[in-house]
Amino acid sequence: MKIALLVFALVGLAAACRNGAPAAMADLFIINAKVWTGVPSRPEAEAVAIAGGRVAAVGTTAELSAWRGPATRVIDAGGARVLPGFNDSHVHFLGGGLQIDNVDLRRAPSPQEFASLIGERVKKTPAGEWVLGGDWDDQLWDPPALPTRQLIDPVSPATPVFVNRFDGHMAVANAVALKLAGVTVATPDPPGGVIVRDGAGNPTGLLKDAAMGLVNKVIPPFTPARRAQALARALEHAASLGVTSVRDMGPDAGDLSAYADFAESGRLTVRVSAAPSELQWAEQAKLGIRPGFGTPFFRLGAVKGFADGSLGSTTAYFFEPYTDAPATRGLLADEMIPIEGMRERLAGADAAGLQLCIHAIGDQAISMVLDLFADVAKANGARDRRFRIEHAQHVAPKDFDRLASLGVVAAVQPYHAIDDGRWAERRIGPERIQTTYAFRTFLDKGVRLALGSDWPVAPLSPILGIYAAVTRATLDGKNPGGWVPAQKITVEEAVRGYTAGSAFAEFAETEKGTLAPGALADIVILSDDIFAIAPALIRDVKVRTTIVGGRVVYDAPR
Ligand SMILES: [Zn+2]
């Protein structure tokens, strides 16, 4: 990883224009707004003056009139609600961009539509590139039928196509892809996989489980150009949703290079703080990289690790067996075995000043991570280290106080709650769901929340995340009053979690997360006042304008 190179290549930012008498005219002036500043001493304002990419002042339009000069761009918000830009504390940003670029077959209602969507994508695909993704669902077809290469070969004569079912357990390849992979009538089924065949033994293109590896292994790695395209898509999507900062979880070296390229050329319209795998912690440590190192647009200084799997795949690691799968309690991640190895790496990373962010979903995995954090803190001494547990989905009641006393930030994704809430009780029973996605309990116990989406696992929209945290209304419409309603949080708490909370979780609360004078001018203007409307309507709120560093990066078509 060329960290030294890319860090030193980054752009600087103009010095802050601090509060007080105008030292210069504002570049941008937002007036006639309902500004939620996030600053307790002045929570509401009417206008924001922006100079040098930072908030110069907030107040009434009259109070700020001296900031307005002939070259000042004025945005009349028309009484709209203005918030600090959203900061998504947990995304896989390049993966999200690649997903936007993939063909989307989720809603293909028939085999004909399936083939025609692939045909359209093939026409737009440069020679040598693959058509991937898909997430098709054969159960939507009448009658349900698994797709075959015969369905898509006519629309993809020269382009390899390999598109997966939404559950990821099977995928269909066209003739070109099968040829590149060398899959023929003579290829045996690999262990743990099935090559689906017709009556004559010829592969139909459909590959199940381990057989998908036969094609996956010949898909070329992403080129820098492809990665840059994905990053551009992701940035565009984020801007349209008011996302002005993200914490990128588990980026690889190619992803980091893409961020560095974009940062250097001024194309990053979202501020990225990256947490590469804890397995490579020494690469950051040997260069002295810490959370404060970098520029306001691109930082490193954190590591991401895994303690267990997920609830959906029954691999989240619990103290007690799954209610609907009593033979298992889930699985620890490879990184946790042996636990001494994990402890040694985390202690090393922490001693080097790196921030530890560990994925833990089941109650025992969370408990074990808390043990590790306690060991690390004891070994390396007191410090403001802001340990993070990513997801922190199912917390044992005894562990909330430990989260608080260790100063652990819960980096949570509310959309997962209204998604998993449809079936989680079946899986873990009525007792454990009481402390599942326990946002209320976290706050009541003094645990800080950093909200996020886990995009592309869930939609990137912070508005949807806030809606989910406030209503807990599951996606199936079966819990309009909220699923485990005692765990609801208020709109203001959710907004705070998506702004100041995420900023704190990346050691950036003096730079962003509020509209205090001196803060980076990352701002969103919304279509509706989310503090005033009924919570059920929050999901329909749109972002009208997104501003990053005083620059308008998105303006909704009106
Ligand atoms: Zn994730």
Side-chain angles (χ1 to χ4, degrees), residues 86-100 102 133 135 166-168 230-231 234 237-238 241 243 245-252 254-256 258-259 270 272-281 300 302-317 330-336 342 355-362 365-366 369 386-395 408-421 424 436-437 439 449-462 464-465 468-469 497-498 501-502 505-506:
F86 296 118
N87 184 338
D88 190 318
S89 67
H90 185 123
V91 293
H92 306 278
F93 207 57
L94 269 291
L98 288 166
Q99 194 194 56
I100 295 174
N102 283 340
D135 296 323
F166 72 95
D167 64 0
L231 178 51
H237 187 54
L241 298 169
V243 175
S245 286
V246 295
R247 163 60 62 87
D248 191 42
M249 286 297 169
D252 64 18
D255 295 346
L256 296 177
Y259 292 136
V270 170
V272 178
S273 76
S277 168
E278 57 89 11
L279 296 167
Q280 280 101 43
W281 69 270
L300 288 155
V303 294
K304 156 83 184 295
F306 282 94
D308 65 346
S310 73
L311 189 68
S313 57
T314 57
T315 49
Y317 192 62
L331 285 174
L332 282 177
D334 292 351
E335 290 171 48
M336 293 284 277
M342 185 71 152
Q355 185 189 21
L356 309 183
C357 315
I358 310 298
H359 162 124
I361 288 182
I366 292 169
V369 171
R386 306 188 193 182
F387 291 130
R388 295 173 43 144
I389 293 186
E390 307 301 315
H391 313 304
Q393 267 173 226
H394 314 284
V395 182
V408 175
V409 176
V412 298
Q413 301 80 37
Y415 189 90
H416 288 336
I418 61 171
D419 192 346
D420 296 5
T436 283
Y437 299 105
F439 310 147
L449 291 183
L451 267 50
S453 65
D454 206 8
W455 186 57
V457 181
L460 181 62
S461 167
L464 277 182
Y498 244 118
S502 302
E506 52 157 318

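Whatever order the structure lists them in is the order used to number ligands and atoms, beginning at 1. Both backbone and side-chain heavy atoms feed into the values below; hydrogens, waters and symmetry mates do not.
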Q: Got an N, O or S from H391 under 2.8 Å of the Zn ion (ligand 1)?
A: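 H391 does not place any N, O or S atom closer than 2.8 Å to the Zn ion (ligand 1).
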Q: Suppose we only allow N, O or S atoms; which atom of D454 ends up nearest to the Zn ion (ligand 1)?
A: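 Atom name returned: OD1.
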Q: Provide the closest heavy-atom pair for A505 versus V409 in the form atom of the first, atom of the second, distance.
A: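 Between these two residues, the closest heavy atoms are CB-CG1, 3.9 Å.
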Q: D88 and side chain to side chain donor-acceptor pair (under 3.5 Å): which partner among S502, S453, S461, S245?
A: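 Testing each of S502, S453, S461, S245 against D88, the sole residue satisfying side chain to side chain donor-acceptor pair (under 3.5 Å) is S453.
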Q: Has H359 got an N, O or S atom lying less than 2.8 Å from the Zn ion (ligand 1)?
A: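 Coordinating: no.
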Q: Could you tell me which non-hydrogen atom of V270 sits nearest to which non-hydrogen atom of V243, and how far apart they are?
A: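 Between these two residues, the closest heavy atoms are CG2-O, 3.5 Å.
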Q: Using 30° and 60° as the class limits, which term best fits the ring planes of H359 and F306: parallel, tilted or perpendicular?
A: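 Tilted: the ring planes of H359 and F306 meet at 30° to 60°.
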Q: To the nearest 10°, how many degrees is the angle H90 NE2 to the Zn ion (ligand 1) to H92 NE2?
A: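 The angle at the Zn ion (ligand 1) comes to 110°, rounded to the nearest 10°.
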